[in-house]
There are 2 protein chains.
Amino acid sequence: MLQVTARTKEEAEMCPVRQVLSQVMGKWQMLIVLSLEDGALRFGALKRVMGDITQRVLMENLRKMERDGHLTCTVDPGPPVAVSYALTPLGREPLVHLKALTLWAAGRHAAVTGNRSRYDAP
Amino acid sequence: MLQVTARTKEEAEMCPVRQVLSQVMGKWQMLIVLSLEDGALRFGALKRVMGDITQRVLMENLRKMERDGHLTCTVDPGPPVAVSYALTPLGREPLVHLKALTLWAAGRHAAVTGNRSRYDAP
DNA sequence: CAGTATCCTTTACGATACTG
DNA sequence: CAGTATCGTAAAGGATACTG
């Protein structure tokens, strides 16, 4: 398998795979990627679509992903200003895998719920 | 797209997709799944393979994944005791997608590093 | 509307010591 | 060797208020 393990924390932070993955696999990043699949969204719309995320946290994640080149930020000076975020080609690449995982998770929810009950019950 | 968004925190916690995904997409869970791909490992060996994880955190994650049915825990009473962990068929299912993501991340490391420098520089 | 700043809580994690 | 318990720290996140 690929090298994703490390012996120290410093080594882990330098792991190339982890560095790239962390920008799309996190709880919020993944939701952002999926939310932008069908096209650009303005900040407010994106926040509304995601629902349970605060403005501050959404901004943080958007900036990190912009920095890594996963999405672009386009400003239309208004007034009022309109800022929209869109996935770059690079940002679209993991989409297929993330969707596959999401689909798998959806299909396995019943099984997992059953396993949890069985584990907790006795 | 599938429904992975939520309007409240409670709604998010009940999201079937998020519930299942959280057991394999977390930083540690993903490393555990990948580490067990080639077969069962004893606790100590698994800890050594992963390197930068503490005993406590590894135990926590193993228990959560065992609860969800992603892996089994087999005890061979010694002495000394030997406890080995192995993926279940359910636990193997996400492997293909996780490996695809890992492979993608490895291939894009250079691009992302470049993007970061460009973003930070000016 | 988009963005920043501040404060506070919670969660994840690390380190270490102890037990069968 | 595997597992538990305790304590402390650091990171993530939530709430809210304020600005152009």
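Quick note: numbers below take in every heavy atom, side chains included, and nothing from hydrogens, waters or symmetry partners.
The line from CZ of Arg63(B) to CD of Glu66(B) is 5.5 Å long, rounded to the nearest 0.5 Å.
The CE-P distance, from Met59(A) to dC18(D), rounds to 20 Å in whole Å. In this structure, Gln55(A) atom CD and dC18(D) atom C1' are separated by 11 Å, rounded to whole Å. Rounded to whole angstrom, the span from the CG atom of Leu41(B) across to the P atom of dA2(D) amounts to 11 Å. Residue Ile53(B) contributes atom CD1, which lies 13 Å from atom P of dA12(C) at whole-angstrom precision. One interatomic measurement links the two molecules: CG of Leu31(B) to P of dC13(C), which rounds to 11 Å at whole-angstrom precision. As a whole-Å value, the separation of Lys47(A) NZ from dG3(C) P is 13 Å. Summarising the geometry, the separation between CG on Asn61(B) and C1' on dC13(C) is reported as 10 Å, rounded to the nearest angstrom. Going from atom CG of Leu62(A) over to atom P of dG13(D) covers 13 Å, rounded to whole Å.
Each of Trp28(B) and Val81(A) lies near DNA chain C, and the nucleotide nearest Val81(A) is the one positioned closer to the 5' end.
Here Tyr85(A) does not reach the OP1 or OP2 of dC1(C): none of its side-chain N or O atoms lies under 4.0 Å away.
Side chain of Thr54(A), nearest nucleotide from dG3(D), dG3(C), dG14(D): dG14(D). Closest to the Arg42(A) side chain, of the nucleotides dC1(D), dT4(C), dA2(C), is dA2(C).
One N or O donor and one acceptor, one from the side chain of Arg56(A) and one from the base of dG14(D), sit under 3.5 Å apart. Between the side chain of Glu60(A) and the base of dG13(D) there is no donor-acceptor pair of N/O atoms closer than 3.5 Å.
Residues Arg92(A) and Glu37(A) are not paired through a salt bridge, judged by the lack of any N-O separation under 4.0 Å between the basic side chain and the carboxylate. Salt-bridge check for Glu60(A) with Arg56(A): passed, with a basic side-chain N closer than 4.0 Å to an acidic carboxylate O.
A pairwise comparison of heavy atoms in Met65(A) and Gln23(A) identifies CG-O, 3.8 Å as the closest pair. Considering every non-hydrogen atom in both Leu98(A) and Met30(A), the closest pair reads O-CE, 4.0 Å.
dG20(C) is paired with dC1(D) under the Watson-Crick or G-U wobble criterion, all donor-acceptor distances under 3.5 Å.
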